[in-house]
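Every number for a ligand or one of its atoms is a count from 1 in the order of the listing. For the single chain, residues carry numbers from 1 onward in sequence order.
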Amino acid sequence: MATEVTMDKIVSLCRRRGFVFPSSEIYGGLGSSYDYGHYGVLLKDNVKARWLEAMVRERDDILALDSSIILHPRVWEASGHVGGFTDPLVDCRTCKQRFRADHLADPEHTELHCGKRPSKRPGETPDCDLTEPRHFNLMFRTRVGAVEETGVDVYLRPETAQGIFINFKNVAQLARRKPPFGIAQVGKAFRNEITPGNFIFRTLEFEMMELEYFVPPSDAQQWYEYWVAERLAWHLRYGVREANLRVRPHEADELSHYSSGTSDIEYLYPIGWSELEGIANRGDFDLTQHTNESGTKLEWVDAGTGERFTPHVIEPSLGVNRSMLTFLIDAYDEEVVAERERTVLRLHPRLAPVTVAVLPLITKDAGMVAKAQALRDELRQHLSVEYDESGQIGRRYRRQDEIGTPWALTVDEQSLTDDTITVRDRDSLAQERISIARAREYLLERLGEPWAPPPRTT
Ligand code: ATP
């Protein structure tokens, strides 16, 4: 029987091992807000690093950008977010819960439950008293300026994309190439989400990894298909199981008015199939809007031939935190080994918060401790290493399994005489002996190998 992965198990592991804590807990917590502890920070950083690698480092056609969180308020008028960026919501006057109208209308959203009778969907019991769908603005508003009366209303950005569009001219000059080329950005975004969050799936603040890929208008469809395939391949490359992923093209009535195609990469979360990443063919809507609103022409001009056009934009947009949650869920496994249960995160080695644990077998043995610490100091220059000398070796292995450390190096008695160590593999539990001198090379080699998740077990 395969391990059943529930959101409760993930929440409990995250809390127990310090990946994610409820925010402001000593004040009673704040809904849909979370703080990230040590392993959460390391895992989240690795998710961002793998994305930037795939988007920027491994390519010649994409440049990086880091724009401000607070932009000129007219940016949001041009983009249509002021006034337009709302999800119609439905309130239940009886149980006081709030639901997204589009989710309520969609039977695939099986996570919606009546607040009084959770076995029923909202609206299914005679006591349910639902309002008509109403609009709420999802942008957080604040003020710039020392004096409240004379300040200017500004917004915390609900996406990073607009910061990219308004920098199109700056970056296009730097890129010195004709479209296709892209601009990639990772950064915080804020949305006044009103519906319940499902842990870090939907939060008030989160990080986004967004690419705006500018293409000649006639090539837009082809590049849209390319990016859907490319982004799906990224999730698979870092170990998400193929059976748990699907691409769902939006129906015509779901599309934004400017989009000629949008696909969601969906994942089978414990709450059901839901959006992991969105890829949209946005046409020339954004550049045209900002050109009209700002008076600055955002277009491609060939200095030599004078050829000019407004590029179309393909946008893959992924939440860092939602991606991290997906990797955690997909990696979670429980199994019984030698009559003892273990919880293991079978994370891709290049995502795991700690790449290698270094453990002296007998912690009272000064020789083993010294050798293990010297190995730790050497490996630490290249990899994320954790040294652990507290408790029995079996316990220490299990602690590493739970945070997804792919390899553990153990210094034992034999190490003192022949300078070898054992390498324990998190997934197969196989142990092999290698020389200490080769440890670094061995790990770097293993890290470079393609990796696929082993099947879930019990
Ligand atoms: P949803 O339908 O889930 O609200 P959306 O269609 O509004 O998402 P987009 O605007 O396409 O989302 O955002 C792009 C990506 O950003 C999403 O695929 C998701 O990974 C992430 N994301 C969006 N909103 C949130 C949130 N409140 N918390 C965490 N991640 C989010």
Participant: Select one of side chain, backbone, both or neither to describe which atoms of L204 lie under 4.0 Å from any atom of ligand 1, heavy atoms only.
Facilitator: neither
Participant: Determine whether more than 12 heavy atoms belonging to other residues, nucleotides or ligands lie under 6.0 Å from atom CD of E449.
Facilitator: yes
Participant: With a 4.0 Å cut-off on N to O distance, would you call R248 and E275 a salt bridge?
Facilitator: no
Participant: Below 4.0 angstrom from a heavy atom of F201, which ligand 1 atoms are there? Numbered from 1 as shown, please.
Facilitator: 28 (N), 29 (C), 30 (N)
Participant: Tell me, please, whether W234 has R231 positioned over its six-membered ring: NZ or CZ under 6.0 Å from the ring centre and within 45 degrees of its axis?
Facilitator: yes
Participant: Mark yes or no: R141 above the aromatic ring of Y155, with NZ or CZ under 6.0 Å from the six-membered ring centre and no more than 45 degrees from the axis.
Facilitator: no
Participant: Whether R157 engages the ring of F190 as a cation-pi pair (distance to the six-membered ring centre under 6.0 angstrom, angle to the ring normal within 45°) should be assessed.
Facilitator: no
Participant: Enumerate the atoms of ligand 1 whose separation from the nearest heavy atom of M208 is less than 4.0 angstrom.
Facilitator: 13 (O), 14 (C), 16 (O)
Participant: Need the ligand 1 atom indices (1-based, order shown) with element for anything under 4.0 Å from a heavy-atom of E277.
Facilitator: 18 (O)
Participant: Any nitrogen or oxygen of R202 lying under 3.5 Å from a nitrogen or oxygen in ligand 1? Just yes or no.
Facilitator: yes
Participant: Using a 4.0 Å cutoff against the non-hydrogen atoms of E275, which atoms of ligand 1 qualify?
Facilitator: 2 (O), 6 (O), 8 (O), 11 (O), 12 (O), 17 (C), 18 (O)
Participant: I'd like a table of donor-acceptor pairs (distance under 3.5 Å, sequence neighbours excluded) in which one partner is a side-chain atom from residues 209-218, with atom names and distances.
Facilitator:
residue : atom : partner : partner atom : Å
E210    : OE1  : T160    : N            : 2.8
E210    : OE1  : T160    : OG1          : 2.6
E210    : OE1  : A161    : N            : 2.8
E210    : OE2  : S317    : OG           : 2.8
Y213    : OH   : D61     : OD2          : 2.7

Participant: Check each atom of ligand 1 against the heavy atoms of L276 and keep those under 4.0 Å away; list them by number with element.
Facilitator: 18 (O), 19 (C), 20 (O)
Participant: Would you kindly check if the NZ (Lys) or CZ (Arg) of R246 is within the cone defined by 45 degrees around the ring axis of W273 and under 6.0 Å from the six-membered ring centre?
Facilitator: yes
Participant: Do any nitrogen or oxygen atoms of F206 lie less than 3.5 angstrom from nitrogen or oxygen atoms of ligand 1?
Facilitator: no
Participant: Would one find an N or O of L318, backbone or side chain, under 3.5 Å from an N or O of ligand 1?
Facilitator: no
Participant: Out of curiosity, is T203 lining ligand 1, as in a heavy atom under 4.0 Å away?
Facilitator: yes
Participant: Would you say R100 touches ligand 1, if touching means a heavy atom closer than 4.0 Å?
Facilitator: yes
Participant: From the options L347, V344, T343, select the one residue that forms a side chain to side chain contact (heavy atoms under 4.5 Å, CB included) with Y332.
Facilitator: T343
Participant: Side chains of N321 and Y36: donor-acceptor distance under 3.5 Å anywhere?
Facilitator: yes
Participant: At less than 4.0 angstrom from any non-hydrogen atom of E193, what atoms of ligand 1 do you find?
Facilitator: 24 (N), 26 (C), 27 (N)
Participant: Run down the list R322, R191, E159 and name the one with the heavy atom closest to atom 9 (P) of ligand 1.
Facilitator: R191
